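Reading through the structure tokens given below for one structure.
Each ligand, and each atom within it, is numbered from 1 in the order the structure gives. Note that this is a predicted model, so its numbers are computed, not measured.
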Amino acid sequence: MIKIAILASGSGSNAENIVHHFQGHSSVSIALILTNKADAFVLERAKKLHVPTVVFTKNELSEGDFVLNLLQKESIDWIILAGFLLKIPENIIKNYPNRILNIHPALLPKYGGKGMYGSRVHEAVVAAGEPESGITIHYVNSNYDEGNIVFQATCPVLYTDTANDVAEKVHHLEYAHFPKVIEETIRKSTQY
Ligand code: GRF
């Protein structure tokens, strides 16, 4: 069984969608949901879904090997970032080469980088008058939002759209594509 850990900092609707997708899967399982926020709604979702959770602090992630040790102890093969807001430290990136995927709610390389998350991304897209936005699923390297792109999907942005409207369209794309792209990327890479 290939074991996935999902890291999420917020609501966790993508995490939940991914868990549903892999329920009963013959080769891939969601073994763990990790968060840096003790009050993140993703913890409620994980409880209902019966997925074990761990909460860690920013320092436990960035200093020392607490999180890496945990991932290794649980024999985690892949890491999925689903609305995770902290930078993944070098020790984890080195130990999981091409085994960490992130989803970004815009069409990278535009509207990415430090500080570009959540509603800020959609507000920037609307303010710039972009005719379209979308999602980018990419490998994670040492720089925010700069790893190789695996998949993109687009949605139109109408001149009447608010940032909330764009967020809703982008969420639909995330739910439709992220689990399938994770499955396909793992299958291609490990040929299970
Ligand atoms: C998503 O839009 C994702 O692309 C971004 O953060 C949001 C997380 O939403 N990185 P949720 O917590 O999965 O509901």
Side-chain angles (χ1 to χ4, degrees), residues 4-23 30 32-49 51 53-56 58 61 78-88 92-93 100-128 130 132-157 161-185:
I4 293 179
I6 299 176
L7 273 65
S9 303
S11 160
S13 64
N14 277 284
E16 177 167 357
N17 188 44
I18 295 164
V19 171
H20 284 309
H21 179 86
F22 286 104
Q23 261 163 3
I30 309 301
L32 208 53
I33 292 181
L34 299 162
T35 185
N36 60 307
K37 295 250 180 226
D39 58 352
F41 190 65
V42 70
L43 292 169
E44 305 286 319
R45 296 186 196 263
K47 201 172 167 190
K48 282 201 187 120
L49 294 162
V51 178
T53 56
V54 176
V55 180
F56 54 78
K58 194 174 174 184
L61 176 68
W78 283 76
I79 300 169
I80 304 299
L81 310 183
F84 185 67
L85 298 183
L86 300 180
K87 198 167 195 298
I88 300 298
I92 296 180
I93 289 172
I100 311 175
L101 288 175
N102 180 44
I103 189 161
H104 185 77
L107 298 171
L108 292 174
K110 282 179 155 185
Y111 307 105
K114 201 168 168 29
M116 269 294 175
Y117 59 86
S119 56
R120 293 186 191 187
V121 176
H122 308 304
E123 278 155 18
V125 165
V126 168
E130 292 285 352
E132 62 175 17
S133 190
I135 59 169
T136 303
I137 298 168
H138 64 94
Y139 286 109
V140 172
N141 67 13
S142 309
N143 299 324
Y144 272 109
D145 300 330
E146 284 183 16
N148 285 343
I149 292 174
V150 177
F151 177 88
Q152 290 186 306
T154 64
C155 58
V157 177
D161 278 349
T162 63
N164 275 344
D165 295 328
V166 179
E168 202 179 316
K169 291 180 193 181
V170 165
H171 262 125
H172 281 297
L173 289 177
E174 292 177 340
Y175 302 149
H177 296 289
F178 199 17
K180 287 186 200 161
V181 172
I182 294 168
E183 183 176 14
E184 192 57 12
T185 306

If only side-chain N and O atoms count, and only distance matters, is there a donor-acceptor pair under 3.5 Å linking R45 with S13?
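No, because no side-chain N or O of S13 sits under 3.5 Å from a partner of the opposite role on R45.
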What residues form a ring-ring contact (aromatic ring centres under 6.0 Å, His included) with F22, not counting sequence neighbours?
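Result, ring-ring contact (aromatic ring centres under 6.0 Å, His included) vs F22: H25.
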List the residues meeting side chain to side chain donor-acceptor pair (under 3.5 Å) with N102, not counting sequence neighbours, and say none if there are none.
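With neighbours one apart ignored, the set is H138.
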Would you tabulate the side-chain donor-acceptor contacts of residues 104-111 under 3.5 Å, counting partners in other chains and residues two or more places apart, or write 'none'?
residue : atom : partner : partner atom : Å
H104    : NE2  : Y111    : O            : 2.6
K110    : NZ   : E130    : OE1          : 3.4
K110    : NZ   : E130    : OE2          : 2.9
Y111    : OH   : E130    : OE2          : 2.7

Which protein N or O atoms sit under 3.5 Å from any N or O of ligand 1? Give each pair with its distance.
residue  : atom   : partner : partner atom : Å
ligand 1 : 2 (O)  : E174    : OE1          : 3.2
ligand 1 : 2 (O)  : E174    : OE2          : 2.9
ligand 1 : 4 (O)  : E174    : OE2          : 2.3
ligand 1 : 10 (N) : I103    : O            : 3.3
ligand 1 : 12 (O) : S11     : N            : 3.4
ligand 1 : 12 (O) : G12     : N            : 2.7
ligand 1 : 13 (O) : S13     : N            : 3.3
ligand 1 : 13 (O) : N14     : N            : 2.8
ligand 1 : 13 (O) : N14     : ND2          : 2.9
ligand 1 : 14 (O) : S13     : N            : 3.1
ligand 1 : 14 (O) : S13     : OG           : 2.5

Heavy-atom pair of closest approach, residues L32 and V54:
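Shortest heavy-atom separation between L32 and V54 comes out as CD1-CG2, 4.3 Å.
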Using the six-membered ring wherever Trp is involved, compare the ring planes of Y175 and H172 and label them parallel, tilted or perpendicular (cut-offs 30° and 60°).
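Ring orientation, 0 to 90° scale: perpendicular.
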